[in-house]
Structure formats: C-alpha cells, structure tokens
Amino acid sequence: MTTIRFPTGRPPGSVLGAAPGAAEDTEAYLATGGYADATGPDELLRHLTASGLRGRGGAGFPAAVKLRAVRERGGVPVVVANGEEGEPGSVKDRWLLRARPHLVLDGLARAAQVTGAVRGYVYLSDPVAGDRVRRALAEQEPWLPIEVVETAHTYVAGEESAVVRRIDGGPALPTAKPPRPFERGVGGAPTLVSNVETLARIALTAARPDLRRTIARSTLVTLSGGSAAPVLTEVRYGVPLRTLAAAHGTPDAAGALMGGLFGGLVDARVLDLPLEPGALAAAGTALGCGAIRFLAAGACPVGTAADAVGHLAAESARQCGVCVSGTAAVRDAVHALAAGTAGPDTLVHLDRWSRGLPGRGACGLLDAAAGIAGSLLRAFPGLVRSHLGGPCPDCVAAAPPGGGHGRRLAVPVPEVADAAVDDRTVPRLPVLKGTP
C-alpha cells in the first residue's frame, strides 16, 4: 500500500490538503479559500510569472508561458486537465483527482479565465478518479462547461497530442508535430493541455498569492523501490535526494531511477544533489513527473533497467517503425545483459542507440528507452561490464516469471475514502466569471 506523508509542519499552500485520506467535498474546499474570485486572471498570470511555476507533467515548461501562448494565439481556446498518468511509478495525478477534484477543477476554471477559453475537459483513465470528478461537478454549477473524457490507460495516452486526438474522437496516440496543441488542438482550437498538479498549484496561487513562491517551489513526489512501502509526499525544492531516500526507507540507496522513466539511472553520488530541476538537469538527469525509484543497497541496476526498457517496449504505440525496432533492440540488449547472454558488441550497440535514437519518434517513448540505456552505461560502467562474464545472480533471482517487467515498477494509488456528502446540505458555490 502507498502511504501519504505530510511535509514537516504541514505548511499552508500544500497540495496535500488537510485530509489526504478522504475525498474533499465542497464545504471543505470552500473553507480553504477555493473558488474565490479575489484574484483576477491578469493578476493571476502576473503571480504565476513571478513565481516561476513549472508544469508538473514531466517537461517542466513554465506554466505562465504556456498560458500566455494559448491566450495570444487568437480564436476561442479550449483547456484540458490532463490526468492520464502513464508513468508506472507515479500516483500523484490519480490521487489528486480522487482526493482533491475541486482543487483541480478550480485550477482548470482559472486557466480558462486566463486564456479566454469557454469549455474544458478532464482527461483520465482511472474510473475512480472519473467518478470523483463527476461528483464534484454535480456539486457545483461551473460557468465553464466541463466534460470528463476517459481513455484506456497506456504509457503514451497522456502525451499532449494523444490527448487532443482522443478528445476529438480518435485513438489516444501521439501525432507528428507541428502543429502543437497550443497552435491547433481540440476541434482545431488553440488548446492548453495542463497536468492536473499544475492546475492544482494555479488554484492554490489564486487563493494565496502571498505564498506563490512556496507553492511554485514545492512538488509532489512518489518514492518507491527496495522493500519499503511506496510514499507520496510533498517536498520543497532543495531537499537532498539522499534525505528523500532515508525518508522513504532506503537510506543506503545505491542510486535511483529518476523522473519516472525519463530521468534515467543515477548512481549514489547523485543522491547528494538537491531536488531542483536545474541542478538535476545539469547532472544529466531530470525530476520529470516526480517519480523516484531508489535502488536498494545490493540491488543490481541492470535488472531495474531491464524492467524499465521492457515496459517501454511493451507500451510502444507501434505507429513509428523506428520506435518499434529501436525499443525492441534496446530491450533485447539490456535483457541479455541481465541474463548474462550478452555478446561482446552489446555495449557498443547500446551506446550507439543511446546517442542516435532520441528525437526520432513521434513522442518521447523512444527517447526514454535510449536514455535509460545511456544512463546505465554512464552511471554503472563496471557493473555493466561484469554482466558480460555470465549471469548476474541478483538479476536472475529478481527476474519476473513470464515477463511482466512493468508490473514491478507499478505503484498503487493511495486509498482515498469517499466523502460523506448529503446533497441537501451541500453549499452552493460562487460562480466564477468567465472571460468574454
């Protein structure tokens, strides 16, 4: 079971809220200052610009820049809350939609005000989250028409062009770019596709602009790995990765798989770095969606890499030939290393693929597979070479029977109890004004 831990002191402006184990109802959300219209759209955009809030979907793009690009594109925009969490090691987005749907909906409405959008969508694959969002919508009369769109859960379904394609009635598969959604998205309109945690932080900033810097420099992280139970928590930028490893229950971690599957593998030396996007990028890794899988002392990173690239190869959308062949080749080579059957040229091939494959697919899946291979070679060169001499006992013992590598990376969503809501006593929400 995944547990939720509050940051020390439970500071104001926390995305976790007061009771993360239960779905937040309207009354509780109103008590936090939610849905208030004291902060207008132009003022909110200024606060978001000053705070430096980055998107929490993985790319870390500045939220204010994205909002402004949609607003300045012209036409009548569309806003989308993207809650499709494809990374197997991340649970924050599904938890937010289950536990704090009003916070996400508030953020979506405010994004609509800033951009001038007149309709919105909540995009997800988790049926429980879908029920909670629909219930929250039924508790209020939003000025913004919002539709819940469900999709099948896949790794690529949350990629922004796949989101647009699915909402428009097609399959949840990425498309070639340009155009990007902010240029031409849902129904041909300029479209903001924003991660649900980003929207939650936009709503928090609107309610507490005095805390804008704290809100922007805090983030949800999903910690897993080793024998300790997974943890969902909120931390400030700057905390050392090693401190997070100790808090999770893997104090002697030998490294980590960072940022879901996009930050690649890092060794123990990198754990002295602060959890801060710039510092991690300078070290050749990334915060990504905030999912960090620690490598327990004695665990072999080759086995973790085999799990990761095996999952990516299985999740390929199979619409780009280079992705189908490239991810399969990386998977087979890393699995051969783990099994002790790799040939002398395996490392040469992996190095070449890690440099030559990124950027050649329609989405980032191929980049992730190549990145994992390259990071394995860079972070653990001695261990990798030792796998050329025969089977690794740790990898052999840990190999899942019959495949299923991706299942070992999966983290369950923390339990969120239903809120006890009496429809006769639900307070009517103030109606936020839309932007003409």
Side-chain angles (χ1 to χ4, degrees), residues 12-20 22-48 51 53 63 67 77-83 93 95-122 124 129-148 192 194-212 214-216 416 418-436:
S14 169
V15 169
L16 289 176
E24 185 175 53
D25 61 18
T26 309
E27 185 175 5
Y29 186 60
L30 285 172
T32 69
Y35 293 116
D37 57 1
T39 305
D42 291 337
E43 182 185 3
L44 176 57
L45 187 57
R46 288 194 295 270
H47 286 305
L48 295 174
S51 74
L53 176 67
L67 286 162
V78 174
V79 289
V80 180
N82 185 4
D93 295 335
W95 173 82
L96 269 170
L97 290 170
R98 291 183 183 194
R100 304 205 69 189
H102 284 293
L103 181 64
V104 176
L105 292 172
D106 192 0
L108 185 63
R110 295 184 189 280
Q113 289 179 310
V114 171
T115 60
V118 296
R119 59 192 170 110
Y121 297 86
V122 179
L124 48 80
D131 289 344
R132 298 275 168 75
V133 172
R134 291 186 182 93
R135 183 181 305 174
L137 287 169
E139 292 175 8
Q140 62 170 303
E141 294 177 351
W143 70 268
L144 179 73
I146 296 175
E147 180 182 345
V148 178
L192 175 79
S194 185
N195 172 261
V196 296
E197 185 188 350
T198 311
L199 293 171
R201 295 193 180 278
I202 288 174
L204 288 173
T205 302
R208 292 294 306 270
D210 56 312
L211 297 176
R212 66 190 187 190
T214 297
I215 293 166
V416 178
D418 280 321
V421 177
D422 185 337
D423 292 338
R424 295 167 299 179
T425 61
V426 171
R428 188 64 65 187
L429 306 186
V431 179
L432 292 172
K433 299 294 189 295
T435 302

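Position 1 is the first residue of the sequence; numbering continues from there.
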**Side chain to side chain, Glu139 and His102, heavy atoms closer than 4.5 Å** = yes

**Request:** Pick out which of Leu211, Asp210, Leu48, Thr214 makes a side-chain contact (heavy atoms from CB on, under 4.5 Å) with Thr205.
**Result:** Leu48

**Request:** For Ala207 and Gly33, work out which heavy atoms get closest and say how close.
**Result:** CB-O, 3.9 Å

**Request:** Walk me through it: do Val122 and Leu124 pass the test side chain to side chain contact (heavy atoms under 4.5 Å, CB included)?
**Result:** CA-CA 7 Å; Val122 179; Leu124 48 80; 3.9 Å; yes

**Message:** To check you understand the geometry: which heavy-atom pair defines the closest contact between Leu144 and Ala109, and what is its length?
**Reply:** CD2-CA, 4.2 Å

**Message:** Between the side chains of Asp25 and Arg135, is the shortest nitrogen-to-carboxylate-oxygen separation below 4.0 Å, so that they form an ion pair?
**Reply:** no

**Asked** If every non-hydrogen atom of Ala206 is compared with every non-hydrogen atom of Pro209, which pair is closest and at what distance?
**Response** O-CD, 3.6 Å

**Request:** Check step by step if salt bridge (charged side-chain N to carboxylate O under 4.0 Å, His left out) holds for Arg110 and Asp106.
**Result:** CA-CA 6 Å; Arg110 295 184 189 280; Asp106 192 0; 2.9 Å; yes

**Asked** Just by distance, do the side chain of Asp93 and the backbone of Val196 share a donor-acceptor pair under 3.5 Å?
**Response** no

**Sequence-distant partners of Asn82, side chain to side chain donor-acceptor pair (under 3.5 Å), two or more places apart** = none

**Message:** Between Gln113 and Asp37, is there a side-chain heavy-atom distance shorter than 4.5 Å?
**Reply:** no

**Message:** I'd like to check the side chain to side chain donor-acceptor pair (under 3.5 Å) partners of Asp131; sequence neighbours left out, ordered by chain and number.
**Reply:** none

**Fill in**
Smallest heavy-atom separation, Ile202 atom then Gly107 atom, equals CG2-O, 4.3 Å

**Request:** Please assess Arg119 against Val79 for the test side chain to side chain contact (heavy atoms under 4.5 Å, CB included), listing each intermediate value before the final yes or no.
**Result:** CA-CA 7 Å; Arg119 59 192 170 110; Val79 289; over 6 Å; no

**Item:** Straight-line distance of Asp42 CG to Arg46 CZ, nearest 0.5 Å
**Value:** 6.0 Å

**Asked** Do the side chains of Tyr121 and Ile146 get nearer than 4.5 Å, heavy atoms only?
**Response** no

**Prompt:** How long is the span from the CG atom in Leu53 to the CD atom in Glu197, to the nearest 0.5 Å?
**Reply:** 9.0 Å

**Request:** Output the distance between atom CG (Leu108) and atom OG (Ser194), rounded to the nearest 0.5 Å.
**Result:** 8.5 Å

**Request:** Could you pull out the closest heavy-atom pair between Trp143 and Ala117, with the gap in Å?
**Result:** CH2-O, 3.5 Å

**Asked** Under 3.5 Å, side chain of Arg100 to main-chain N/O of Pro20, donor-acceptor pair present?
**Response** no

**Asked** Do you know which two heavy atoms are closest between Thr32 and Glu24, and how far apart they sit?
**Response** CG2-OE2, 4.3 Å

**Message:** Within the 4.5 Å heavy-atom criterion, are Leu137 and Val148 side-chain neighbours or not?
**Reply:** yes

**Prompt:** Hey, is the main chain of Ala111 close enough, under 3.5 Å, to the side chain of Thr115 for a donor-acceptor pair?
**Reply:** yes

**Request:** Side-chain contact test, heavy atoms from C-beta onward, threshold under 4.5 Å: evaluate it for Val80 versus Leu192 and give yes or no.
**Result:** no

**Item:** Audit row: Val133, Arg98, side chain to side chain contact (heavy atoms under 4.5 Å, CB included) steps and yes/no
**Value:** CA-CA 7 Å; Val133 172; Arg98 291 183 183 194; over 6 Å; no

**Message:** Using the rule given for side chain to side chain contact (heavy atoms under 4.5 Å, CB included), can you reason through Thr39 versus His47, listing the C-alpha separation, both sets of side-chain angles and the distance that settles it, and then say yes or no?
**Reply:** CA-CA 10 Å; Thr39 305; His47 286 305; 4.2 Å; yes

**Prompt:** Got a donor-acceptor contact below 3.5 angstrom from the Arg201 side chain to the Ile215 backbone?
**Reply:** yes

